[in-house]
Every structure is written in C-alpha cells, then in structure tokens.
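Report on the structure given below.
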Amino acid sequence: MLRRTARLVAAFVMILSGAFLGTVATAGTAHADGCYTWTRTLAPGASGADVTQLQIRLGGYAGYGSVLAVDGSFGPATEAALKRFQSAYGLTADGVAGSSTYNKLYALQDDDCTPIHFSYSELNDCNTTWSGGAVSAATAKANALRTMWKLEALRHALGDQPITVTSGFRSYACNEAVGGASNSRHLYGDAADLGAGPHSLCTLAKQARYHGFRGILGPGYPGHNDHTHLDHRDSQFWSAPTCGI
C-alpha cells in the first residue's frame with residue numbers, strides 16, 4: 001500500500017512539474033516509469049524489444065483458447081490483444097499503442113515490472129533465488145512475470161476483486177515436499193494455484209480460458225478439488241469436470 005501511495009504521489013508531482021514547465025507529452029513518452037518506458041508509438045508491423053515488453057503485458061488478453069506469442073513482432077494477434085486490453089480499460093480500441101495505452105500500463109505496474117496486484121513473493125514461497133527447478137532461475141522468474149500479467153487480466157475481468165495465489169514456483173525439493181507431480185509446471189515457474197475467495201474455483205477456471213493459459217486444472221480433476229491450477233504448458237490441456245470444462 002505504501003509503495004502504491006508513493007508512486008501516486010510521484011506521478012502527481014510529475015504532472016505538476018509538467019504543467020509549470022510547459023512540458024507537452026508526446027505519444028509513447030507520457031512520463032518516465034520506474035520499470036520500463038516506451039519511447040515510440042507501436043502499430044502493426046513494428047518489431048523490437050519494446051514490442052516484446054508490450055506483449056508480456058498483453059498476455060492475458062489473447063482471447064478464448066489462445067496464447068499470445070512473446071516474439072517482438074507486432075502482428076494480428078498482438079493487435080487483437082491490444083484492442084481487448086484497450087476495451088477492457090475504456091480506451092479507444094484502435095490497436096495502436098500510444099500514450100493513453102502506455103499511461104494505463106504504467107498505472108498497472110510497479111517499479112519491478114510486476115502488475116500492481118501481484119508480486120514475485122506471491123509467485124514463489126519456495127526460495128528467494130528461483131533456483132533448483134527445471135529451468136534456470138532467470139527463466140523461472142521471467143515465466144512467473146508473464147503469469148502475473150495474465151492473472152492481472154483475469155482479476156480485472158472478474159471485477160478487480162482479489163485473487164489468492166496459493167502456490168507458484170517450486171524447486172525440485174519444494175515440489176517433492178508438497179507431493180507435486182514429477183513433471184509439474186511449477187518447476188518451470190509458469191504455474192499458479194489459485195484458492196477460492198470472492199470467486200469460486202469454477203469461476204476462476206472458466207474465466208481463465210480467455211487469458212492465455214494452456215493448462216487449466218480444477219475441481220473434478222484428481223487432486224484439484226481445493227484449488228484451480230493454471231499454467232503455460234506446450235499444448236492445451238483443460239480439465240475441471242465439476243465446472244463443465
């Protein structure tokens with residue numbers, strides 16, 4: 001809460017400074033951000049690291065049964081995901097990323113690039129190094145970041161009510177300790193188990209189909225009656241029989 005308040009105060013100071021100095025923000029350079037600042041407008045046909053950063057944040061807007069590639073190439077799928085994001089937040093859904101889109105993204109992210117409603121600590125209660133899993137620590141942490149942005153989209157679609165993550169990244173040792181499957185996606189850092197709260201486990205499982213998760217396991221699937229599991233596996237596998245999935 002303090003971190004969020006500090007960011008709001010800083011943003012207010014920047015706005016006042018711009019007003020007094022006569023600064024005019026141009027598309028893509030609305031303000032400097034502690035995480036990442038876009039410096040140009042992005043539209044279909046663009047490519048580069050800034051497109052990659054945009055795609056990471058749009059991963060939860062891939063559409064039903066789809067997954068948005070994070071490849072640095074602004075194609076039709078990225079355009080469609082951007083339009084869904086823009087519509088979700090009341091922006092002009094033109095499929096072009098400019099200052100209004102960036103301002104919304106800046107407001108949604110903290111200085112470590114995580115979305116404001118999720119954190120690295122929530123996605124890893126195993127260790128602080130992200131090591132010991134099926135991929136390198138850097139890859140596991142990067143996978144977790146992409147998962148968090150998908151969860152942020154899921155959260156927004158469900159009315160911005162809290163979503164509780166009960167398990168994220170696991171090392172082999174942590175996975176064995178909790179009786180996880182030997183090939184668990186938790187070992188890759190791209191999985192999140194969600195507990196019931198404002199939303200039922202079935203509501204979470206059903207809505208997740210729209211937000212870029214290839215793996216969805218929930219009530220009715222063996223060992224998943226007390227949580228909904230989401231991940232980014234190689235191919236789609238959804239199973240929550242109790243929920244009609």
Side-chain angles (χ1 to χ4, degrees), residues 3 35 56-60 62 67-68 70 108-158 160-205 207-219 221-234 236-240:
R3 181 173 61 177
C35 162
I56 290 172
R57 290 153 181 77
L58 296 179
V67 174
L68 180 64
V70 180
L108 286 173
Q109 67 186 18
D110 282 318
D111 285 350
D112 63 355
C113 296
T114 59
I116 56 175
H117 297 108
F118 298 92
S119 66
Y120 282 118
S121 60
E122 286 181 276
L123 270 289
N124 182 359
D125 60 3
C126 171
N127 59 42
T128 59
T129 62
W130 296 84
S131 61
V135 292
S136 70
T139 297
K141 193 172 183 179
N143 287 343
L145 180 63
R146 297 183 187 186
T147 295
M148 281 187 270
W149 279 102
K150 294 179 183 183
L151 291 175
E152 185 70 27
L154 172 63
R155 186 184 191 279
H156 184 62
L158 291 174
D160 282 316
Q161 293 180 300
I163 289 178
T164 301
V165 178
T166 60
S167 184
F169 167 76
R170 300 174 192 159
S171 66
Y172 280 105
C174 289
N175 189 58
E176 183 177 358
V178 298
S182 60
N183 62 343
S184 172
R185 293 307 305 184
H186 290 280
L187 297 166
Y188 295 82
D190 63 17
D193 290 347
L194 309 181
H199 311 293
S200 70
L201 297 178
C202 283
T203 294
L204 294 169
Q207 186 62 43
R209 296 175 295 178
Y210 296 86
H211 299 291
F213 292 103
R214 285 200 182 105
I216 302 175
L217 305 174
Y221 186 80
H224 289 73
N225 286 325
D226 62 350
H227 67 279
T228 290
H229 168 96
L230 308 175
D231 67 48
H232 184 75
R233 60 188 65 198
D234 293 334
Q236 183 175 298
F237 183 74
W238 296 349
S239 183

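At a threshold of 4.5 Å between non-hydrogen side-chain atoms, the residues Q109 and W149 count as touching. Counting heavy atoms from C-beta outward, L204 and L230 have side chains that stay 4.5 Å or more apart. Side chains of S167 and V178 form no contact here, defined as non-hydrogen atoms less than 4.5 Å apart.
One finds the CD atom of E176 at 11.0 Å from the CG atom of L187 (value rounded to the nearest 0.5 Å). Put simply, CD on E152 and CD1 on I116 are 5.5 Å apart, with the number rounded to the nearest 0.5 Å. The CG atom of L123 sits 9.5 Å away from atom OG1 of T114, with the distance rounded to the nearest 0.5 Å. With rounding to the nearest 0.5 Å, the separation of CG in L217 from CZ in F237 is 6.0 Å. Going from atom NE2 of H199 over to atom OG1 of T164 covers 10.0 Å, rounded to the nearest 0.5 Å. One finds the NE2 atom of H211 at 14.0 Å from the OG1 atom of T147 (value rounded to the nearest 0.5 Å).
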| side chain to side chain contact (heavy atoms under 4.5 Å, CB included) between R146 and H232: does it pass, once the steps are laid out? | CA-CA 10 Å; R146 297 183 187 186; H232 184 75; over 6 Å; no
| field | Candidate pair L201 and L194, rule side chain to side chain contact (heavy atoms under 4.5 Å, CB included), full reasoning | value | CA-CA 8 Å; L201 297 178; L194 309 181; 5.6 Å; no
| task | Tell me, with the steps shown, if F118 and R155 meet side chain to side chain contact (heavy atoms under 4.5 Å, CB included). | result | CA-CA 10 Å; F118 298 92; R155 186 184 191 279; 4.0 Å; yes
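Minimum heavy-atom separation, S239 to Y221: OG-CD1, 3.3 Å. Across every non-hydrogen atom of A208 and L154, the tightest pair is N-CD1, 3.9 Å. In plain terms, the two heavy atoms of G215 and W238 that are nearest each other are C-CD1, 4.3 Å. Scanning all heavy atoms of the two residues, the minimum distance from S184 to R170 falls at OG-NH1, 4.1 Å. Taking both residues in full, the closest heavy atoms of A240 and A205 are given as CB-CB, 4.4 Å, listed atom of the first, atom of the second, then distance. Heavy atoms only, all atoms of each residue included: G133 and Y172 are closest at O-CE1, 3.4 Å.
Using a distance-only test at 3.5 Å, with no hydrogens or angles considered, no donor-acceptor pair links the side chain of D110 to the main chain of D112. Not a single donor-acceptor pair under 3.5 Å links the side chain of D190 to the backbone N or O of N143. A donor-acceptor pair under 3.5 Å links the side-chain atoms of R214 to the main chain of R233, judged by distance alone.
Aromatic ring pairs are classed by plane angle as parallel below 30°, tilted from 30° to 60° and perpendicular above 60°; the pair H227 and H224 is tilted.
Of the listed residues (T228, I216, L158), just one forms a side chain to side chain contact (heavy atoms under 4.5 Å, CB included) with Q207, and that residue is L158. Tested against H186, the residues D231, N175, D193, N124 include a single side chain to side chain donor-acceptor pair (under 3.5 Å) partner, D193.
Remark: Y120 engages W130 in a ring pair (Phe, Tyr, Trp, His ring centres under 6.0 Å) (not counting sequence neighbours).
A donor atom on one side chain and an acceptor atom on the other are not found under 3.5 Å apart for H117 and D160.
Applying the disulfide bond (SG atoms under 2.5 Å apart) definition to pairs two or more places apart or across chains, those involving residues 113-147 are C35-C113, C126-C174.
The neighbour count for Q236 CD, taken as heavy atoms of other residues, nucleotides or ligands under 6.0 Å away, is above 12.
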